[in-house]
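Position 1 is the first residue of the sequence, and the numbers go up from there. From a predicted model like this one, the values you see are computed outputs, not experimental measurements.
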Amino acid sequence: MTQPLPEATSRDGDTTADAGWFDLNGARLPLPADPSRRLLDHLRTDLRQFGTKEGCRQGDCGSCTVLIDGKARYACLVPVGQIAGRSVVTVEGMAERTQCGGRLQHAFLAHQAVQCGFCTPGMLLASAAAIDAGRVTDRASAREAIDGVLCRCTGYQKIVDAVTEVGCGAPARPCTMPPAQGTMVGVPLTRLDGPEKVDGSQCFGADGWPADSLVLRAVRSPHHRASFAFGDIDAFVAAHPGVHRVLTHADVPGQNLHGVATPYADQPVLPVAEVRHYLEAVALVIGEPEVVAALDLEDFPVTWQPLVPVMAVADALRDDSPKLHDSRPDNVLIEGVVRQGDTTEALKDARHVVSASFTSSFVEHAYLEPEAGWARRVGDVVEIYSSTQAPHPHRADLARILGVAPERVRVVATAVGGGFGGKLDMTLQPWLAIAAWHVDRPVGMVFSREESMATSTKRHPASIVSTMAADAEGRLCAVEFDGDYNTGAFASWGTAVANRVPVHAGGPYVIPHYRARARAVHTHITPAGAFRGFGVPQTTMSQEQLIDELARKVGIDALEFRVINAMRPGDSLPTGQVLDHSVGLVECLDALRPAWLEAQARVATLNAASPAGIRHGVGLAAFFYGCGNTALPNPSTVRFGVRPDGTVVLHQGAVDAGQGANTVIPQIAADALGVPVDQLHIVGPDTHLTPDCGRTSASRQTFITGRAAFLAGTALRRRLLELAGAPADARIHANADGLHIDGQRLDLRGLPVDAHGYTVAAEESFDPPITALDAAGQGSPYGTYAFGAQIAEVVVDCESGRVRVSKVVAAHDVGRMINPTLLEGQVEGAVAQGVGLALMEQYHPGKHNNLHDYLIATVHDMPEVRAIFVEAPNPLGPYGAKGIGEPALVPTAAAILNAIHDATGVRIRQAPALPDVVLRALAEQGGHD
């Protein structure tokens with residue numbers, strides 16, 4: 001690597017304290033005139049080196065880590081005056097300018113240590129500094145090496161694997177390249193988009209804007225609820241040269257509303273007279289980047305009249321509570337219900353009955369990439385480039401906002417630096433669209449970390465009252481469930497939560513008598529929306545504790561109790577839907593049984609040897625989860641085409657938010673067509689170029705878009721073989737010479753081409769067979785369900801109340817493994833978020849909008865994670881596959897809470913189980929067992 005400079009040295013060799021240059025990846029560059037300018041801004045804005053990421057601007061996340069004279073430093077905290085005469089290495093130069101850089105980048109790829117890729121440059125630089133300094137000698141020191149960099153996707157385990165390999169000089173693990181022959185499905189193929197993640201070239205929402213872009217800043221409310229009025233905006237613009245325009249609600253060309261479900265569109269692009277949550281934007285300032293960045297928006301001409309907000313669900317439900325939306329009779333957005341049998345009589349007759357109340361908190365997505373994007377007007381088309389999980393739905397909403405046909409809006413999905421549901425809703429996209437509509441230059445915007453956390457959607461807090469009953473033999477006979485979910489100021493995905501929860505509130509068990517109700521309730525808080533599970537993880541924390549309590553009352557082991565009651569093929573849900581296929585819960589529990597018995601024995605041994613106040617416990621939780629939207633149409637469409645030169649093109653619009661769609665969908669498509677996956681030219685999500693693959697949410701992409709890709713590949717194969725007169729088992733091969741079938745070149749020149757430029761093409765859609773739920777919640781709401789269970793081992797310090805998770809074993813029915821290592825990564829990342837949900841993550845509206853005060857799991861919080869996959873193929877899924885991204889999170893927190901009870905004898909009825917919560921529970925029960 002470049003040797004550190006002990007002191008700044010000038011060009012002529014004289015030592016000087018004010019050298020006017022620095023070395024960037026081996027190139028000597030002049031320093032900017034302002035020595036206080038942040039190195040991060042100089043790299044990204046002045047030098048257009050976008051590999052170094054901006055995640056928080058406060059030194060909390062580590063995404064901006066670079067090397068300065070070989071030492072890892074946060075570029076967001078370093079003024080350029082401090083790099084005078086020194087060497088700076090970024091991800092773009094690490095392969096050549098560090099000793100281990102190239103090997104480390106390879107190891108990250110080979111170990112599948114990247115998911116969304118936003119934190120990857122910071123991880124690489126931090127670990128390279130430690131490895132080159134000789135500080136990585138084992139897994140513990142590998143964890144220390146990346147301690148200053150957060151990841152929200154991977155769960156850190158594979159990153160630690162990669163860093164340990166390189167730091168300890170172990171043989172390099174090879175990447176898994178596409179096989180030249182044979183099937184792609186089932187192969188742990190290295191991510192097809194992996195190289196651009198590790199070399200820094202992947203383009204996120206804040207990267208690569210046109211150099212002449214203007215920027216947007218939002219004028220935001222300092223109140224949770226207030227009326228407002230504007231002063232002289234024209235005078236404000238005139239007083240600030242470089243400000244081009246200010247936009248308000250009056251500048252919205254079309255409909256000043258948007259929302260994820262059109263009938264519930266209730267969120268204004270910009271409000272007219274009243275704000276409904278803290279930091280809601282009321283105006284947008286467009287101007288030159290330096291000018292807009294320097295503005296003190298406290299001087300913006302707007303006056304506020306604070307109003308009393310409604311913050312809690314109980315207050316929102318009072319008869320005299322102010323309504324958030326005049327279009328609704330009260331503050332209840334929606335109520336979902338599922339009823340079957342007679343729970344009243346069943347509870348009376350039951351031998352064993354348990355009841356409890358449970359509450360959970362708002363939880364922040366905490367994706368490392370803040371909301372970002374840019375837009376421009378090209379002719380009569382407005383183009384929006386942004387970090388989004390829903391390109392086509394966004395296009396439809398943006399067209400209504402602009403008052404134009406959908407064809408006049410183009411949405412291009414940039415790389416998504418973590419989503420987890422939080423980038424399903426539109427945030428800055430409407431503002432960029434109307435700004436591009438009104439000005440003649442590109443316009444970009446990036447949320448600050450405070451803006452992102454204060455105004456983005458959250459996981460719904462739950463307030464649950466539930467009762468479960470079993471007969472003398474331990475068979476479940478009845479469930480009653482009531483849950484209220486704080487959905488915040490606007491609908492967002494509150495409808496999905498209220499409809500999904502009642503279907504899932506009984507868990508993956510046969511229950512003859514069932515009544516479940518869930519309400520989404522409006523308050524003056526930033527909207528609660530989609531977050532990896534749509535209300536089911538917080539519901540499961542309550543219900544799986546009740547299952548454990550029933551097992552103890554009956555006197556049956558917790559795992560065996562679940563086996564007795566588990567759904568099997570042929571059983572029906574409380575909705576009446578019969579599950580004929582792909583019901584792998586019993587197989588998952590069977591796979592966990594050895595680990596369960598081992599963990600129980602280990603915990604007993606540890607407790608016998610542990611000092612007073614330290615208790616070990618093991619817990620179990622099972623789940624099921626419907627893949628796709630609840631009882632709603634849910635289609636995806638995939639296009640395949642062959643150009644006259646024989647190039648095979650796959651158009652797949654499924655957004656990869658780190659989960660692996662950019663690899664998994666091509667694996668499925670390649671097998672269906674019968675070609676190696678590296679022979680496909682792939683066109684990603686762009687509403688002008690790819691058909692609608694729906695939203696990346698609800699664990700639907702592998703199942704639904706994968707099936708569409710399978711159908712399109714199968715159709716294209718059939719057409720090509722018919723054209724060539726070849727048999728059904730003929731081999732198709734594409735290379736630079738064209739398309740070959742059984743070794744013979746297929747001449748496509750001179751054949752007519754379609755509107756997309758293809759001589760042969762296929763476009764197929766798949767929409768899972770579902771039915772709407774009736775007034776009693778009866779119907780078939782999902783095409784398939786994921787099943788599984790997890791075991792968690794914990795250590796509880798009964799003196800401090802702190803809980804540490806030491807190990808998680810997760811067994812999941814995935815239908816069919818498309819890419820085993822990507823599945824492992826989803827489980828490991830989900831466990832990390834489950835640890836946060838159970839033990840530390842608690843978002844307080846209007847407070848702590850940063851990654852210093854809001855705690856997410858670091859590498860040191862992560863347990864050992866072991867994933868076990870059960871294959872119970874679903875005939876609808878591509879090669880039998882179904883989803884994993886959301887299901888993998890559902891049982892984790894519940895298993896942890898059950899483990900706390902096993903360790904201490906106390907039940908935790910609220911999440912997160914912060915130390916004070918645990919101590920209070922211990923005190924209320926007079927200590928621990």
Test salt bridge (charged side-chain N to carboxylate O under 4.0 Å, His left out) applied to Arg593 and Asp590, step by step: CA-CA 5 Å; Arg593 187 176 284 106; Asp590 287 345; 3.0 Å; yes
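- Tyr785 does not carry Lys882 over the face of its six-membered ring by the limits of under 6.0 Å from the centre and within 45° of the normal.
- Leu585 approaches Ala622 most closely through the heavy-atom pair CD1-CB, 4.1 Å.
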Stepwise salt bridge (charged side-chain N to carboxylate O under 4.0 Å, His left out) test for Lys197 and Asp193: CA-CA 7 Å; Lys197 294 177 185 289; Asp193 57 358; 3.8 Å; yes
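- Residues Ser127 and Leu104 are in side-chain contact: their nearest non-hydrogen atoms beyond the backbone lie under 4.5 Å apart.
- Here the SG-CD distance, from Cys627 to Glu886, works out to 9.0 Å after rounding to the nearest 0.5 Å.
- Between the side chains of Ser610 and Asn607, no donor-acceptor pair of N or O atoms lies under 3.5 Å.
- A salt bridge between Glu824 and Lys158 is present, with a side-chain N of the basic residue lying under 4.0 Å from a carboxylate O of the acidic one.
- Side-chain polar atoms of Gln701 and Thr705 form a donor-acceptor pair below 3.5 angstrom.
- The residues Lys53 and Asp207 are annotated as salt-bridged, a charged nitrogen and a carboxylate oxygen being separated by less than 4.0 angstrom.
- Residues Ile614 and Asp797 have side chains in contact (heavy-atom distance under 4.5 Å, counting atoms from C-beta outward).
- With no hydrogens or angles considered, a side-chain donor-acceptor pair links Asn819 and Thr821 at under 3.5 Å.
- Side chain of Arg57 to backbone of Cys76: no donor-acceptor contact under 3.5 angstrom is found.
- Closest heavy-atom contact between Gln652 and Ala661: NE2-O, 4.0 Å.
- Between Leu109 and Pro195, the closest side-chain pair of non-hydrogen atoms falls below 4.5 Å.
- With hydrogens and angles left out, the side-chain atoms of His111 and Glu165 include a donor and acceptor closer than 3.5 Å.
- Closest of all the heavy-atom pairs between Glu364 and Phe531 is O-CE1, 3.4 Å.
- In summary, the side chains of Ser141 and Asp138 do present a donor paired with an acceptor at a separation below 3.5 Å, with no hydrogens or angles considered.
- Checking side-chain atoms of Glu864 against main-chain N and O of Lys807 turns up no donor-acceptor pair under 3.5 Å.
- Residue Leu67 holds its CG atom at 4.5 Å from CG of Leu125, rounded to the nearest 0.5 Å.
- Residues Phe623 and His812 bring their aromatic ring centres within 6.0 Å.
- If you take CG on Asp853 and CG on Leu851, they are separated by 9.5 Å, rounding to the nearest 0.5 Å.
- Considering all non-hydrogen atoms of both residues, Val805 and Leu839 come closest at CG2-CD1, 3.7 Å.
- Asn25 and Thr90 share a donor-acceptor pair across their side chains, judged by distance under 3.5 Å alone.
- Within a 6.0 Å sphere centred on CZ of Arg802, other residues, nucleotides and ligands contribute 12 heavy atoms or fewer.
- Side-chain contact of Ser387 with Glu369: a donor-acceptor pair under 3.5 Å is present, judged by distance alone.
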Glu793 and Arg602: CA distance, side-chain angles, deciding distance, salt bridge (charged side-chain N to carboxylate O under 4.0 Å, His left out) verdict: CA-CA 10 Å; Glu793 294 180 52; Arg602 180 167 47 251; 2.5 Å; yes
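- When the shell of 6.0 Å around NE2 of His860 is examined, it contains more than 12 heavy atoms from other residues, nucleotides or ligands.
- Counting heavy atoms from C-beta outward, Ser806 and Arg804 have side chains that approach closer than 4.5 Å.
- For the pair Asp902 and Arg615, the salt-bridge criterion is not met [side-chain N within less than 4.0 Å of a carboxylate O].
- Residues Arg532 and Gln833 meet the side-chain proximity criterion, which asks for heavy atoms closer than 4.5 Å.
- Counting non-hydrogen atoms of neighbouring residues, nucleotides and ligands closer than 6.0 angstrom, the CZ atom of Arg866 reaches no more than 12 such neighbours.
- No hydrogens or angles considered: a donor-acceptor pair under 3.5 Å links the side chains of Glu371 and Ser452.
- With values rounded to the nearest 0.5 angstrom, Leu855 atom CG is found 7.0 Å from Met840 atom CE.
- Residue Thr892 holds its OG1 atom at 10.5 Å from CE of Met541, rounded to the nearest 0.5 Å.
- The structure places CG of Asn662 at 8.5 Å from CZ of Arg191, a figure rounded to the nearest 0.5 Å.
- Listed here is the closest heavy atom pair of Gly883 and Ala786: O-CB, 3.9 Å.
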Salt bridge (charged side-chain N to carboxylate O under 4.0 Å, His left out) evaluation trace for Asp161 with Arg139: CA-CA 8 Å; Asp161 291 342; Arg139 290 186 67 82; 2.6 Å; yes
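- Neither side chain, Thr154 nor Gln115, offers a donor N or O lying under 3.5 Å from an acceptor on the other.
- What you find for Met184 and Ala670 is that their closest heavy atoms are CG-CB, 4.0 Å.
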